[in-house]
Protein chains: 2
Amino acid sequence: MSAAWAGPDRFPVAVDAVLFGVSAGALKVLLIRRGAEPFLGRWALPGGFLRAGETLEQGVVRELAEEAGVRPDPLVQLGAFSAPGRDPRGPVLSVAFMGLVRVEDHVPHADTDAADAAWATMGALPPLAFDHAEVLKAGHERLLALTRSEPVGLNLLPEAFSLGALQALYEAILGRPLDKRNFRRKALASNLLRDTGLTQLGVAHRAARLYRFDAEAFANRGAGIFL
Amino acid sequence: MSAAWAGPDRFPVAVDAVLFGVSAGALKVLLIRRGAEPFLGRWALPGGFLRAGETLEQGVVRELAEEAGVRPDPLVQLGAFSAPGRDPRGPVLSVAFMGLVRVEDHVPHADTDAADAAWATMGALPPLAFDHAEVLKAGHERLLALTRSEPVGLNLLPEAFSLGALQALYEAILGRPLDKRNFRRKALASNLLRDTGLTQLGVAHRAARLYRFDAEAFANRGAGIFL
DNA sequence: GCAAAAGTGTTGGCACTACACCCATGA
DNA sequence: TCATGGGTGTAGTGCCAACACTTTTGC
């Protein structure tokens, strides 16, 4: 067993990310246009190959920093994809992640592997390389599930924000309108928001109170929900 | 790029399974005692290395057939684990699955890699090899989550079963008692059970009606729930 | 007749939905 | 004064949890 045993088969491992952002009241996904074969010129999810000595999380964080200059928070694993033929180069295992990113933080720019990068609107997506359509679907489902059980998306807002802005964010993520009074009731009842005492400035209507997220209260209770 | 490029790093990929079963009213996990280094003699989750040419699902199904003679249904992916040092041999990626198995279907037997195999009771577990304690925790959480959203565990019952047996199964999985009247109301309201017209035989008390699971009704509605 | 499990309804609380109007502000 | 978003309460509905007794059967 120690001499004749060549060791297990080895596989290239890719890490890919479904990065969501909100812009102009709509949910967006970050896509890159491939600058190399296979699928040259096709849109794809950002990602790359895992290197020896790094964990999956480290790998995807490195790739996203290199390829898109972003550091998503939260960043959760979706799972591993291994469908035969998903990569024409051969058997490549892909571990996918889903994350949220401020759209303003990302300055789309070309790269060695990425000829172009852009935020695509959910519901108006181009055809994607590899099995990325399937991965994106899994990411979207995960985002919706997570939104219903945790206060996701607060990182996308400024430090102090109005309840109107919070509601608009959730409406963009969920893709449907929410009832204002019910939303406010639940948001305030969650006990995760603290009134900063500040109000909006320079708006052409009544100034809204600004709140901040109470990270400590959140940590002490595990899971909270806004809607 | 075609000549100087040695290609991406390659990794051994392991597939491991958290297999749950119910026996004597308690939730059990299938463990094997390792018959090889590393962790010789330690208890571990069943699993093995992925081979070239197979998907992750195929790999874990093959390993479980070889190592334990079982074919779990359902079998769902938990995700990939890559913590540094999880395998002392070096960086090994592990993709974990969670599945349900009839305890009677598994005849524990030794194997080249497994010196022994046994059903361990949740809550009275031995120390585990690798990062399997963490994987098991993820599997348990997934089982509970799945149980709350889908009629999981029906495969563990015989073709025709009583509502009492169904309730006992769910109590074992969830690890807590359930209210009989509420459970029956929801189970029958789910429209996933059909009265077979049969009753129990040879019991020292009133004979229960026996039901069967209506797979067609389940397929037509996607997700149903019993409790 | 007794042990053991089957079978059966009602109630109160809570969470969710739907819904419409006045208020403050700047242009 | 008007346009724009901020801010507020109530009523109806449905789900869920809690709860105890009678029935059937075999021994």
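Below, chains carry the letters A, B, ... as their sequence lines are ordered, and counting in each starts from 1. Source: prediction; values computed, not measured.
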In whole Å, what is the span from the OH atom of Tyr211(A) to the P atom of dG6(D)? 11 Å
Calculate the interatomic distance between Phe183(B) atom CZ and dC16(D) atom P; express it in whole Å. 14 Å
Give a yes or no answer on whether the side chain of Arg71(A) reaches the backbone of Ala65(A) with a donor-acceptor pair at less than 3.5 Å. no
Less than 6.0 Å separating the ring centroids of Phe39(A) and Phe130(A)? yes
Distance check, rounded to the nearest 0.5 Å: Glu141(A) atom CD versus Leu136(A) atom CG? 10.5 Å
Please produce a list of atom pairs where a protein N or O lies less than 3.5 Å from an N or O of nucleotides 3-6 of chain C.
{"from": "dA6(C)", "atom 1": "N7", "to": "Lys180(B)", "atom 2": "NZ", "distance (Å)": "3.2"}

Whole angstroms only, please: what is the CG-C1' distance between Leu166(A) and dG6(D)? 15 Å
Judged by atom type as modelled, is there a donor-acceptor pair below 3.5 Å linking the side chain of Gln200(B) to the main-chain atoms of Ser162(B)? no
Starting at CG of Leu144(B), measure out to OG of Ser149(B) and round the result to the nearest 0.5 Å. 11.0 Å
For atom NZ of Lys186(A) and atom C1' of dA18(C), their distance in whole Å: 15 Å
Which residue lies more 5' along DNA chain C, comparing Asp179(B) with Val203(A) via nearest heavy atoms: Asp179(B)
Specify the residues of residues 170-178 of chain A, ordered by number, for which at least one heavy atom lies under 4.0 angstrom from an atom of DNA chain D. none
Using the side-chain hydrogen bond (donor to acceptor under 3.5 Å, both in side chains) rule, pick out the option among Glu54(A), Glu67(A), Glu57(A) that qualifies with Arg62(A). Glu54(A)
In whole angstrom, what separates Arg181(A)'s CZ from dC16(C)'s P? 17 Å
Can you measure Asn182(A) atom CG to dA11(D) atom P for me and round it to whole angstrom units? 15 Å
Record whether the side chain of Arg185(A) comes under 3.5 Å of the base of dA15(C) through a donor-acceptor pair of N or O atoms. no
Hey, is the main chain of Ala117(A) close enough, under 3.5 Å, to the side chain of Arg33(A) for a donor-acceptor pair? no
Leu210(A) atom CG is separated from dG6(D) atom C1', nearest whole Å, by 12 Å
Looking only at side chains, do Lys28(B) and Thr121(B) share a donor and an acceptor under 3.5 Å apart? yes
Whole angstrom is fine here: how far is it from CZ in Arg148(B) over to P in dC15(D)? 19 Å
How many angstroms lie between atom CG of Leu31(A) and atom CG of Asp116(A), to the nearest 0.5 angstrom? 10.5 Å
